[in-house]
*Asks:* 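Got a structure for you, written out below as structure tokens; questions coming shortly.
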Amino acid sequence: MIYAANFKMNQTRQSTREYLMKLQLHHHKRKLGDRVIVFPSITAIDNYDVDFTIGVQNAYPDIKGAFTGEIGLEQLEEFDIKTILIGHSERREILNESQEFISRKFNFFKEQGFEIIYCIGEPLNVREEGESAVLDYLISQFDGIDLDYSKLIVAYEPVWAIGTGRSASIEEITNIHNRLKERIDRPILYGGSVKPSNIADIASIPSVDGVLVGSASLKVDSFLDILLH
Ligand code: PGA
């Protein structure tokens, strides 16, 4: 299983350091083969002395240049960052990232050999149309994305389950993951209101290869409860 923590726009540099040091002390108790990835905010990126993966929540698809407010490859290389989150619904919806831009980003970081956690997920109105509409929608989010890329990890995150406290049901997760597995031979994470109280059930689904956790990852004890459940 892969356990990924997405801090979003939370935590300072100082609180991130304290968090990572505590995680470093305890994450070894996890099951053999389990992996941990943390996505702190960009101001908290540093060369931490930890033996799990630190990734970035976002970056611009270029080495450096005139892209005000953005972070490029050169800045990531300074901290040995080789893992990136792409396609998160908050960037698609709030920051208006188009599928065309997302696939450009994907292809740039693929060429740089990054591990890419690529997020897909349907909004509530699509879910209400039924499962085949959901699948069509998810498949459209693979436009321009190389599903055979060896460092690709997919994260299925229904938008209506993100930050709402209401996770998708075990049946809903199972059905979508099974259908995605018919097309993709890569790990598939589930995200959307994963928390200590539902991790055991979600982790027991055979087609779930890990979880991407937002709110319940913000306190290190809560993320450790998930990781060590
Ligand atoms: P959540 O967020 O755990 O707060 O629902 C998950 C995510 O957006 O990755």
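Indexing begins at 1, ligand by ligand and atom by atom, following the structure's order.
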*Asks:* If only atom types and distance count, is the side chain of Gln141 paired as donor or acceptor with the main-chain N or O of Ile120 below 3.5 Å?
*Replies:*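 Here the side-chain-to-backbone pair does not exist.
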*Asks:* With a heavy-atom distance limit of 4.0 Å, tell me whether Ser89 approaches ligand 1 through its side chain, its backbone, both, or neither.
*Replies:*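 Ser89 to ligand 1: no contact under 4.0 Å from either part.
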*Asks:* Restricting to non-hydrogen atoms, name the atom on Leu76 and the atom on Ala59 that form the minimum distance, rounded to 0.1 Å.
*Replies:*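 Scanning both residues, the minimum pair turns out to be CD1-CB, 3.8 Å.
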*Asks:* Could you tell me whether Gly191 and ligand 1 have an N or O pair separated by under 3.5 Å?
*Replies:*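 So ligand 1 has no N or O lying under 3.5 Å from an N or O of Gly191.
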*Asks:* For atom 2 (O) of ligand 1, which candidate among Gln57, Glu157, Lys8 provides the closest heavy atom?
*Replies:*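 Residue with the shortest heavy-atom distance to the ligand atom: Lys8.
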*Asks:* Could you see which bit of Asn6 sits under 4.0 Å from ligand 1, with heavy atoms only: side chain, backbone, both or neither?
*Replies:*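 Side chain only.
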*Asks:* State the atoms of ligand 1, each with its element, that fall below the 4.0 Å cut-off from a heavy-atom position in Ser193.
*Replies:*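 What qualifies from ligand 1 is 1 (P), 3 (O), 5 (O).
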*Asks:* For Gly192, take its heavy atoms, then give the atoms of ligand 1 lying under 4.0 Å from any of them.
*Replies:*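 In order of numbering, the contacting atoms are 5 (O).
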*Asks:* Tell me the nearest of Cys119, Gly163, Gly121 to atom 5 (O) of ligand 1, using heavy-atom distances.
*Replies:*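 Heavy atom nearest to atom 5 (O) of ligand 1 belongs to Gly163.
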*Asks:* What I want to find out is whether Arg186 reaches Asp148 closely enough, with some N-O distance under 4.0 Å, to be called a salt bridge.
*Replies:*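 No, this pair does not count.
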*Asks:* Please answer whether the main-chain N or O of Glu90 pairs with a side-chain N or O of Glu93 as donor and acceptor at a distance below 3.5 Å.
*Replies:*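 Flag not set: sc Glu93 to bb Glu90 has no pair under 3.5 Å.
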*Asks:* Please say whether Ser215 places an N or O atom under 3.5 Å from an N or O atom belonging to ligand 1.
*Replies:*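 Yes: some nitrogen or oxygen of Ser215 is under 3.5 Å from one in ligand 1.
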*Asks:* Looking at Arg179 and Glu131, is there a salt bridge between them, counting it only when a charged N and a carboxylate O are closer than 4.0 Å?
*Replies:*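 Judged by the 4.0 Å cut-off on N to carboxylate O distance, Glu131 and Arg179 do not form a salt bridge.
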*Asks:* Give a yes/no verdict on whether any heavy atom in Lys195 is under 4.0 Å from an atom of ligand 1.
*Replies:*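 No; Lys195 lies far enough from ligand 1 that no heavy-atom distance drops under 4.0 Å.
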*Asks:* How close do Phe114 and Tyr149 get, heavy atom to heavy atom, and via which atoms?
*Replies:*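 Smallest heavy-atom distance, with atoms named: O-OH, 2.6 Å.
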*Asks:* Is it true that, when you exclude Asn47 itself, more than 12 heavy atoms of the residues, nucleotides or ligands shown sit nearer than 6.0 Å to its CG?
*Replies:*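 Yes, because the 6.0 Å sphere around CG of Asn47 holds more than 12 heavy atoms from other groups.
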*Asks:* Donor-acceptor pair, Gln11 side chain versus Thr16 backbone, under 3.5 Å?
*Replies:*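 Checking the backbone N and O of Thr16 against the side chain of Gln11, no donor-acceptor pair under 3.5 Å is found.
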*Asks:* Any atoms of ligand 1 less than 4.0 Å from a non-hydrogen atom of Gly214? List them with their elements.
*Replies:*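 Near Gly214, meaning under 4.0 Å from one of its heavy atoms, ligand 1 has 1 (P), 2 (O), 3 (O), 4 (O), 6 (C).
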*Asks:* I'd like to check which ligand 1 atoms, numbered from 1 as shown, lie under 4.0 Å from a non-hydrogen atom of Ala161.
*Replies:*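 Near Ala161, meaning under 4.0 Å from one of its heavy atoms, ligand 1 has 5 (O).
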